[in-house]
Amino acid sequence: MSGIVVDGVTKAFGATPVLHGASLAAPAGTLTAVLGRSGCGKTTLLRIVAGFERPDDGTVALHGRPVAGPDRALPPERRGIGYLTQEGSLFPHLTVAANVLFGLPWRERRGGDARVAALLESVDLAPSLARRHPHELSGGQQQRVALARALAPEPAVVLLDEPFSSLDAGLRADTQRAVVKALAAAGATALLVTHDRAEALALADQVAVMRDGVIAQVDTPGTIYRDPVDAGVGALVGDAVLLDGRGDGAGVVTCALGVLAVRPGRGGHGAAGPVRVLVRPEQLGVGAGGDGVRARVRSRDFRGPDATVELDLGDPASGTEVVTARLPGDSAVAPGDDVTVSVRGEVNAYPA
Ligand SMILES: Nc1ncnc2c1ncn2[C@@H]1O[C@H](COP(=O)(O)OP(=O)(O)OP(=O)(O)O)[C@@H](O)[C@H]1O
């Protein structure tokens, strides 16, 4: 059953159109990441699902119940949602316990110590933190308290707007893990808005790529990375080498990286004529000789476990194409080296 169904939603602010018929179905009890560049309309979509904004057209249903449409606008407090923002927005003058219980009816707040302890544990926080104030917590702990507060009324739907973006890398991974675990334990249907593709791929059951006010593709992280509907989605969900090429109509393309096999799937396996070829940097292998096209190493960026290497393909005298490879950090290549580049596995190609 679908937990959240957004169908053909449009929204303009004054003369500025933001959503152009966005549609999305999030299965009940799963986490869907809405991934897109800044300003593409992610937050607007989330606020429409929450009921903070009304769509100009289209509908929203939560667990089978229509909540927004041309003749319907259920107020946010009656939608059974929890909302978590980037800042968490805890009340600074209240203790953790009072913050967590804030959204509950009075009769449920009294004697709520056990409830607070259980909610804190659900987000991997020690119940002893209940007496602290927000300023006595780390940013990650504050976000977990904010999630515990959002989960307290047992919402069927939880909406998360960039909840990890203000956390440093060390806190982020632990907080992400705790949040995903708590959402799964609560059985909530969740939408996570993010512009961080690694976060979307790592945390979500499905990723919805938003572009120019529409959802361009919804798929599992593995599928959307391997089999994006077009080169733009492919470049949004991961680093991509994009090259012009020519398809033979039978699953083979020729481009600056050589003659390559095209993955069957959405990408233009059978495309004939001009195509845009998408290769992932980790598919590129660099050697001192052997099979592959000739290239010269332009630069090398060491990152510890891996290194990003820029390569000039082809003959420098007749113009080159620059591609970026991701190699193991201990690869012995240096700027100026002459190498050969080969491609592992199949690539995607899209009619140009
Ligand atoms: N209340 C509003 N009034 C006018 N314009 C708005 C309003 N809310 C959003 N916008 C505009 O709508 C567009 C989309 O904004 P939105 O916040 O939905 O994007 P986003 O994808 O969430 O971006 P970000 O990742 O930067 O938060 C932006 O151009 C923004 O300026």
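All residue numbers in this chain count up from 1 along the given sequence. As the structure lists them, so they are numbered: ligands from 1, and atoms in each ligand from 1.
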Query raised in the report: With under 30° as parallel and over 60° as perpendicular, where do the rings of Phe52 and Tyr83 fit, or are they tilted in between?
Result: perpendicular
Query - Nearest neighbour in protein (non-hydrogen) for atom 26 (O) of ligand 1 - result: Ser38 OG, 2.6 Å
Report task. Could you tell me the separation between the OG1 atom of Thr30 and the CD atom of Gln206, rounded to the nearest 0.5 Å? Result -> 5.5 Å
Report summary line: min-distance protein heavy atom vs atom 4 (C) of ligand 1 -> Phe13 CB, 3.3 Å
Query raised in the report: What is the nearest protein non-hydrogen atom to atom 25 (O) of ligand 1, stated with its residue, atom name and distance?
Result: Lys42 NZ, 2.9 Å
Requested in this report: Could you list which atoms of ligand 1 come closer than 4.0 Å to a heavy atom of Val18?
Outcome: 12 (O), 13 (C), 14 (C)
Report summary line: atom 23 (O) of ligand 1 has as its nearest protein heavy atom Gly39 N, 2.8 Å
Report task. Taking only Lys NZ, Arg NE, NH1 and NH2, and the carboxylate oxygens of Asp or Glu, determine whether Arg296 and Asp337 approach each other closer than 4.0 Å. Result -> no
Report task. Evaluate the 4.0 Å heavy atom contact test for atom 9 (C) of ligand 1: does a protein atom fall under the cut-off? Result -> yes
Requested in this report: Say whether Gly36 and ligand 1 are in contact under the criterion: heavy-atom distance to a ligand atom below 4.0 Å.
Outcome: no
Query raised in the report: Is it the case that more than 12 heavy atoms not belonging to Asp291 sit under 6.0 Å from its CG atom?
Result: no
**Report entry** Connected-component partners of Val5 among ILVMFWY, side-chain separation under 4.5 Å
**Finding:** none
Report task. Return the residue, atom name and 0.1 Å-rounded distance of the protein heavy atom closest to atom 16 (P) of ligand 1. Result -> Thr44 OG1, 3.6 Å
Report task. Would you mind listing which atoms of ligand 1 come within a distance below 4.0 Å of any non-hydrogen atom of Arg37? Result -> 21 (O)
Query raised in the report: Is there a donor in the side chain of Thr189 and an acceptor in the side chain of His63, or the other way round, less than 3.5 Å apart?
Result: yes
Query raised in the report: Distance only, no hydrogens: is a donor on one side chain within 3.5 Å (strictly under) of an acceptor on the other, for Asp161 and Thr85?
Result: no
Query raised in the report: Does the side chain of Gln143 come under 3.5 Å of the side chain of Thr175 through a donor N or O and an acceptor N or O?
Result: no
**Report entry** Protein heavy atom at shortest distance from atom 19 (O) of ligand 1
**Finding:** Gly41 N, 3.3 Å
Query raised in the report: What atoms in ligand 1 come closer than 4.0 Å to a heavy atom of Glu162?
Result: 25 (O)
**Report entry** Nearest neighbour in protein (non-hydrogen) for atom 17 (O) of ligand 1
**Finding:** Thr43 CB, 3.5 Å
